[in-house]
Amino acid sequence: MSRKPLIAGNWKMNGTLESGGALAQAVADGAADAACDLLVCPPAQLLYPIGRALAGTPVQLGAQDCHAEEKGAHTGDIAAPMLSDIGCSHVIVGHSERRENHGETDGTVRAKAEAAHRAGLIAAICLGETEAIRDAGKTNSFIIGQLDGSVPEGSTAANTVIAYEPVWAIGTGRTPTPAEANEVHALIRSHLSDRLGADECAKLRILYGGSMKPGNAAELLAQPDIDGGLIGGAALKAEDFLAIAAAAKG
Ligand code: PEP
């Protein structure tokens, strides 16, 4: 089964109208050469202007979070239907920084992914172990627990991507070896196959995230179960982001 790779940029809390606009434009300018799908996830205040700037280009637009409910008294939050209203195709849910800084549990993440699905968005569901869990040899059982808790029933290859992001690799310059990363991706695919069906999971894209850079992208993306990347720091330089995209062969 060949899956078209997806290279997604998580800009986190970075970017102004000027700098974010220039970054999005530079990504769009290089997008025609890419053999993969491209997605940028700017901070909330840039979603609308960048969505407009990307209209008509192959670069898709994603948000970094959404609320689980559709509207109401939730100061500072954004609902999934609001994101689809302004042209988002994707929303990241369950990033480890949200789990850690905002106390999000697997249950919160699952409810947000369900809200994304109801709004017609693709949920990019993030999960990954801490260094302590890896050192204790408990990565596999932890990942299975996160999958069972965070991935809703009704998830399909069309409405979901999974991002495996070992917490200890995010922003640190450290990565698992490509074989170690692939081992977890294969576990994710086989565990979800039991729940969601083997045919669906053969099509499901599972991204790797955590210090992916132009220098290590090709060997990570060459692994059979790594179907793209969720890129943080290297997504803030169009040249680096596009170099990673160039390493993702369809
Ligand atoms: C991330 O936070 O999703 C991420 C992968 O960050 P970085 O690429 O900077 O490690």
Side-chain angles (χ1 to χ4, degrees), residues 1-11 20-42 50-51 53-64 87-92 121-126 155-165 169-170 175-186 188-189 192 199-250:
M1 164 69 61
S2 82
R3 294 172 289 270
K4 190 173 186 188
L6 170 65
I7 299 298
N10 172 12
W11 295 4
L23 177 55
Q25 190 58 55
V27 171
D29 289 346
D33 298 332
C36 60
D37 289 335
L38 289 173
L39 169 70
V40 294
C41 303
I50 287 187
L54 293 177
T57 80
V59 184
Q60 295 178 287
L61 181 71
Q64 297 174 15
C88 290
S89 54
H90 292 67
V91 59
I92 298 170
L121 295 168
I122 298 170
I125 304 175
C126 302
S155 296
T156 66
N159 67 17
T160 301
V161 302
I162 304 292
Y164 168 57
E165 300 204 300
I170 293 179
T175 62
T177 66
E180 283 166 349
N182 191 67
E183 209 174 294
V184 180
H185 282 233
I188 291 169
R189 195 178 310 285
L192 287 179
D199 288 350
E200 211 50 55
C201 287
K203 293 182 273 179
L204 181 72
R205 293 193 284 195
I206 305 175
L207 314 185
Y208 168 79
S211 297
M212 190 184 269
K213 308 221 173 316
N216 60 22
E219 53 178 2
L220 285 160
L221 294 167
Q223 296 294 313
D225 282 295
I226 298 184
D227 309 313
L230 180 56
I231 322 298
L236 296 175
K237 277 176 72 182
E239 193 187 342
D240 287 354
F241 187 66
L242 291 168
I244 293 171
K249 308 266 187 315

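Index from 1, following the sequence. Model, not experiment: these values are computed from the prediction.
- Here the shortest heavy-atom pairing between Ser89 and Leu39 reads OG-CD1, 4.3 Å.
- None of Leu230, Leu221, Asp240, Thr175 except one satisfies the side chain to side chain contact (heavy atoms under 4.5 Å, CB included) rule with Met212; the exception is Leu221.
- Closest approach of Ala248 to Pro5, counting heavy atoms only: CB-CB, 3.9 Å.
- With Glu200 contributing its side chain and Ala157 its backbone, the two residues share a donor-acceptor pair below 3.5 Å.
- Asn159 contributes atom CG, which lies 9.5 Å from atom CG of Leu204 (distance to the nearest 0.5 angstrom).
- Side-chain atoms of Thr160 do not come within 3.5 Å of backbone N or O of Ala123 as any donor-acceptor pair.
- Judged as a salt bridge (Lys or Arg N to Asp or Glu O under 4.0 Å), the pairs with a partner in residues 214-225 (not counting sequence neighbours) are, in order, Arg3-Asp225, Arg189-Asp225.
- Side-chain contact between Ile188 and Cys201: absent, with no pair of heavy atoms (C-beta onward) separated by less than 4.5 Å.
- The backbone N or O of Gly232 lies less than 3.5 Å from no partner atom in the side chain of Asn10, so there is not a single donor-acceptor pair.
- Between Pro224 and Asn182 there is a side-chain heavy-atom pair separated by less than 4.5 Å.
- When all heavy atoms of Lys4 and Cys36 are compared, the pair lying nearest together is CE-C, 3.9 Å.
- Rounding to the nearest 0.5 Å gives a distance of 8.5 Å between OG1 of Thr177 and CG of Leu220.
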Practice problem: Show your reasoning for whether side chain to side chain contact (heavy atoms under 4.5 Å, CB included) applies to Ile162 and Leu192. | Solution: CA-CA 10 Å; Ile162 304 292; Leu192 287 179; 4.0 Å; yes

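- Contact detail for Ile50 and Gly21: the closest heavy-atom pair is CD1-N, 4.3 Å.
- For Gly229 against Leu207, the heavy-atom pair with the smallest separation is O-CD1, 3.9 Å.
- Atom CD1 of Ile244 and atom NZ of Lys213 lie 7.5 Å apart (nearest 0.5 Å).
- You'll find the side chain of Pro178 stays beyond 4.5 Å of the side chain of Tyr208, heavy atoms only.
- In this structure, OG1 in Thr57 is found 9.5 Å from CG in Asp29, a value given to the nearest 0.5 Å.
- Closest heavy-atom contact between Trp11 and Gly20: CH2-O, 3.5 Å.
- Between the CG atom of Asp37 and the CZ atom of Arg205 there is a distance of 4.5 Å, given to the nearest 0.5 Å.
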